Amino acid sequence: MERKWEAKLKQIEERAACYERKPLSSVYRPRLSKPEEPPSIWKLFHRQTEAFNFVKSCKEDVHVFALEYKVGDGQRIYLVTTYTQLWFYYKSRKNLLHCYEVIPENAVCKLYFDLEFNKHANPEADGKKMVALLIEHVCKALQELYRVNCSAEDVFNLDSSTEEKFSRHLIFQLHDVAFKDNIHVGNFQILKPAFHLIASEDDSISEKTGHGFSHFSETPIKQGISFGKMSPDQDGESWTLNSKELERLGSAKQSSPDLSFLVVRNNTGEKQLFVDLGVYTRNRNFRLYKSSKIGKHVALEIAEDNKFFPKRSETVSEENQCFLSSLVSNVRFSDTLRILTCDTSQNKEKRIECFSSTNTKAENIEGFRCSPYPEIDQFVLSLVNKNGIQGGIRRWSYFFPEELLVYDICKYRWCENIRRAHKSNNIMILVDLKNEVWYQKCHDPVCKAENFKSDCFPLPAEVGLLFLLKEEEEFTATETMNSETENPHKPPPSTLSKGVASDADWDNGIDDTYFLEATEDAELAEAAENGLLSYYSGVDEIPDELILQVLQE
DNA sequence: CAGCGCTACCACACCCC
DNA sequence: GGTGTGGTAGCG
């Protein structure tokens, strides 16, 4: 017993000496100027849904990130924190090496592309040239389909190429324009005509040899795309396309741009597209700027031929600006923001089904559209069905950072600003889920110019209550298997604490020997101080890998 | 104890000519 | 043989 105590004392002394030699880096202190210091948020979850549930319960502007922690099988855990705090711990690049942004389903996001080809299988391919051609093509399409002006200077171009593979991420920084969600980005497939290139008339000779093939010199395409003019609908505010329109445009024979540059060969010599179309799924993980895949050492860095440079800021470093620009789902609501949509005909049918339980088909066809929050949809509908006027929901957008649901209303134009209905401009109902209030804005240029926003009204108790009940259910359902690690900085909100580990749990979770082991290395001590300690405490499998990663640096 | 979402593929049932 | 379904390996 005595011995054990001595040994422990010695270890502690050693640790103290170590800390003296290399003092710990600063702890994150958010907005010190404010008297009530906002709490730091740093929580890890094993399950994505638990992470998103926590975000819902959180008043702050938090986001979900995925962290890879096991080599090989790509296992991930989920981190919830703010952009600011993540960047604080992330920027040194001594830890958090393999981070991914989770692009939330249904949330407004930027246009983005994942580009790649195998260099050996495509010896003739000039990656930079292909990127430039793609950007040019996409900009042209944005102009012709949505009247959006942009150029290569609005495209953040990140490189993650290796000896083997050419690999890029493009993140479009459009001015006051974003897509409804990443599924719509996926539907916006200007590149579909290029599929004909893969399917049709494959020259079997070069396919077999896999050499002597240049897609630049290939036979001209029969099918291309000519971008017809988008006609704004009645109110001139809709920028909606569906795949049929795209098809129609795609089948037009005139002035087909040459898309053959998009065709590359994979390892086995088969034709495929330069653009990876597999990155437009729900809750897609998209690797962060300056992160590498686990087991690899190539991080996403600004490409040589990048032409986008964020605006200089007094308060935010250039690197931080780049980081923020690289985030696909970092789009905030603004009065001037235009939301682009691109539907498939399938989706339209689905939406109709979605509402058929409560409404007649006739109504649905006229464009009633449901959000992931049917109770709120119903409430909004009740707001715009007044005084014999049957208003409807033309569409909705969800802004993840603010937890804001924006409903574009049709056929009901009462505006609180002018205290009468607008003649030709539609109104919006905005539902703030964080503060559980709703208010009205509108598309009228005059109202917009004065930045009109009606008073806030509380959401009816039923809606709020339904909400809480739903969440409560989810929390209790996952409670038994719930063992996410706790953030040492902040105790969980008491109302939700039953679903998360308590501070006491956290203390008990520290494995003393492990702690000593971990802090033997000064860098690890720093990592621990930087918030990763919470990581070590509750999760058994993660630490080894993290230690390995930190030691390798 | 512990990832997620999706597609391609396969086995099998059922139906019809 | 054509079509629908349900389960799953494997990919991004």
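The sequence lines fix the lettering, A, B, ..., with proteins before strands; numbering per chain opens at 1. A quick note: this is a predicted structure, and the numbers were derived from the prediction, not measured. Below, each value reflects all heavy atoms present in this structure, side chains not excepted, and no hydrogens, waters or symmetry copies.
For the salt bridge (charged side-chain N to carboxylate O under 4.0 Å, His left out) test, residues two or more places apart in sequence or in another chain that qualify with A:Lys128 are A:Glu304. Checked against ring-ring contact (aromatic ring centres under 6.0 Å, His included), A:Phe166 has the following partners two or more places apart in sequence or in another chain: A:Phe117.
As rounded to whole Å, 12 Å separates atom P of B:dC4 from atom CG of A:Asn53. Protein atom CD1 of A:Ile77 is 15 Å distant from nucleotide atom P of B:dC1, rounded to whole Å. For the pair A:Arg282 CZ and B:dC4 C1', the interatomic distance rounds to 12 Å; values are reported in whole Å. Rounded to an integer number of Å, the gap from A:Leu67 CG to B:dC4 P is 14 Å. The separation between A:Tyr280 atom OH and B:dC4 atom C1' is 19 Å, rounded to whole Å. Between A:Leu277 atom CG and B:dA8 atom P there is a gap of 12 Å when expressed in whole angstrom units.
Classified by interplanar angle (parallel below 30°, tilted 30° to 60°, perpendicular above 60°), the ring pair A:Tyr83/A:Phe323 is perpendicular. In this structure, A:Phe179 and A:Phe188 have tilted ring planes: the angle between them lies in the 30° to 60° band.
Distances shown here put every side-chain N or O of A:Gln48 at or beyond 4.0 Å from the OP1 or OP2 atom of B:dA2. For the pair A:Asn283 and B:dG5, the criterion of a side-chain N or O lying under 4.0 Å from OP1 or OP2 is met.
The existence of a salt bridge linking A:Glu301 and A:Lys290 is confirmed by a sub-4.0 Å separation between a basic side-chain nitrogen and an acidic carboxylate oxygen.
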Which atom pairs link the protein and nucleotides 9-12 of chain C when you take only N or O atoms and keep those under 3.5 Å?
unit_1 : atom_1 : unit_2   : atom_2 : d
C:dG12 : O3'    : A:Asp276 : OD2    : 2.5

Determine, step by step, whether A:Phe45 and A:Phe54 satisfy the ring pair (Phe, Tyr, Trp, His ring centres under 6.0 Å) criterion, reporting the C-alpha distance in whole Å, the side-chain angles of both residues, the deciding distance to 0.1 Å, and the verdict. CA-CA 9 Å; A:Phe45 302 87; A:Phe54 177 67; 5.6 Å; yes
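Distances were taken from every side-chain heavy atom of A:Tyr78 (C-beta onward) to each of B:dC4, B:dC6, B:dA2; the shortest belongs to B:dC4.
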